[in-house]
Amino acid sequence: SESPPAVVERQLALSQAPMLIGSSGCTADCRALQSDLRADLRVASHLGQAKIQVPDQVATSLSQMLYQRRGFPYYAFCVAAALDAESQRGQVYVYDAIGSYEQVAVATSGTGREALQPILDRM
């Protein structure tokens, strides 16, 4: 029993869904963090240590990268979001500048956080 093409295409699209990472804080630090994370994930992917499509592994990699710089941290507060291919549910992670993170239902970051977070909490 083969799956219909639409189902296969949807499963393929979900398994290749990107993880989106938003950062607020110092622009130079945000860009440096983004560049360093992209390079680390590319190396880990080539070595077979991590799969870029698995949100938990990307979330952990970002946390470790932030924690390694705790002495002179990136001034970047991150929000990461992705679709989990297995459960087909959204996953959202929120980070502080030294790598502490948690999975939450909704998250905001930046100058509009105080205004936007209460609205999202009521949804």
Side-chain angles (χ1 to χ4, degrees):
S1 92
E2 293 185 22
S3 298
V7 172
V8 172
E9 287 176 14
R10 180 170 182 218
Q11 289 174 347
L12 182 61
L14 283 175
S15 69
Q16 296 176 351
M19 181 151 197
L20 304 174
I21 299 174
S23 302
S24 64
C26 177
T27 303
D29 283 350
C30 291
R31 287 188 180 166
L33 175 63
Q34 184 182 50
S35 176
D36 291 347
L37 181 63
R38 187 176 293 127
D40 279 1
L41 289 174
R42 194 173 294 136
V43 167
S45 176
H46 286 294
L47 295 176
Q49 296 173 349
K51 294 182 179 178
I52 296 175
Q53 292 87 5
V54 180
D56 293 333
Q57 290 181 355
V58 176
T60 303
S61 295
L62 178 56
S63 176
Q64 290 172 349
M65 179 169 287
L66 289 167
Y67 186 73
Q68 288 173 353
R69 291 274 308 255
R70 68 189 176 277
F72 187 65
Y74 291 108
Y75 187 70
F77 301 92
C78 300
V79 175
L83 287 175
D84 185 19
E86 294 175 9
S87 67
Q88 297 183 358
R89 296 181 52 95
Q91 294 180 333
V92 180
Y93 302 91
V94 62
Y95 296 81
D96 66 4
I98 59 168
S100 176
Y101 75 104
E102 67 176 324
Q103 188 172 358
V104 294
V106 295
T108 59
S109 183
T111 57
R113 179 180 185 170
E114 290 79 17
L116 188 58
Q117 190 68 42
I119 296 168
L120 293 175
D121 286 341
R122 292 186 185 138
M123 296 179 112

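For this chain, numbers begin at 1 and follow the sequence in order.
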Taking every non-hydrogen atom, the tightest pair across A80 and M19: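 It is CB-CE, 3.5 Å.
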
How close do C30 and A76 get, heavy atom to heavy atom, and via which atoms?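 Here C30 and A76 meet closest at SG-CB, 3.8 Å.
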
Just so I know, are the side chains of P73 and L66 near enough to count as touching, which here means a heavy-atom distance under 4.5 Å?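 P73 vs L66: side chains apart.
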
So do D36 and M65 actually touch side chain to side chain, heavy atoms under 4.5 Å?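 Yes; the side chains approach each other to less than 4.5 Å.
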
Side-chain (R122) to main-chain (I119) donor-acceptor, under 3.5 angstrom: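 Flag not set: sc R122 to bb I119 has no pair under 3.5 Å.
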
Using modelled atom types and a 3.5 Å cut-off, is there a donor and acceptor pairing between side-chain atoms of S109 and backbone atoms of F77?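 Yes, because the side chain of S109 sits within donor-acceptor range (under 3.5 Å) of the backbone of F77.
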
Y101 atom OH, neighbour heavy-atom count above 12 within 6.0 Å: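 Yes.
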
To the nearest 0.5 Å, how far apart are CZ in R69 and CG in D29?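 Result: 6.5 Å between the selected atoms.
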
Measure the spacing between CD of Q68 and OH of Y74 and express it to the nearest 0.5 Å.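 Those atoms lie 9.0 Å apart.
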
Test side chain to side chain contact (heavy atoms under 4.5 Å, CB included) on D40 and S61; report intermediate values, then the result. CA-CA 8 Å; D40 279 1; S61 295; over 6 Å; no

Can you give me every donor-acceptor pair (side chain of residues 89-98, partner residue at least two apart or in another chain, under 3.5 Å) with its distance?
from: Q91; atom 1: OE1; to: Y93; atom 2: OH; distance (Å): 3.2
from: Y93; atom 1: OH; to: D56; atom 2: OD1; distance (Å): 2.5
from: Y95; atom 1: OH; to: A59; atom 2: O; distance (Å): 2.8
from: D96; atom 1: OD1; to: I98; atom 2: N; distance (Å): 3.2
from: D96; atom 1: OD1; to: G99; atom 2: N; distance (Å): 3.1
from: D96; atom 1: OD1; to: S100; atom 2: N; distance (Å): 2.9

Transitive ILVMFWY side-chain link V79 to L37, under 4.5 Å: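 V79 and L37: separate clusters.
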
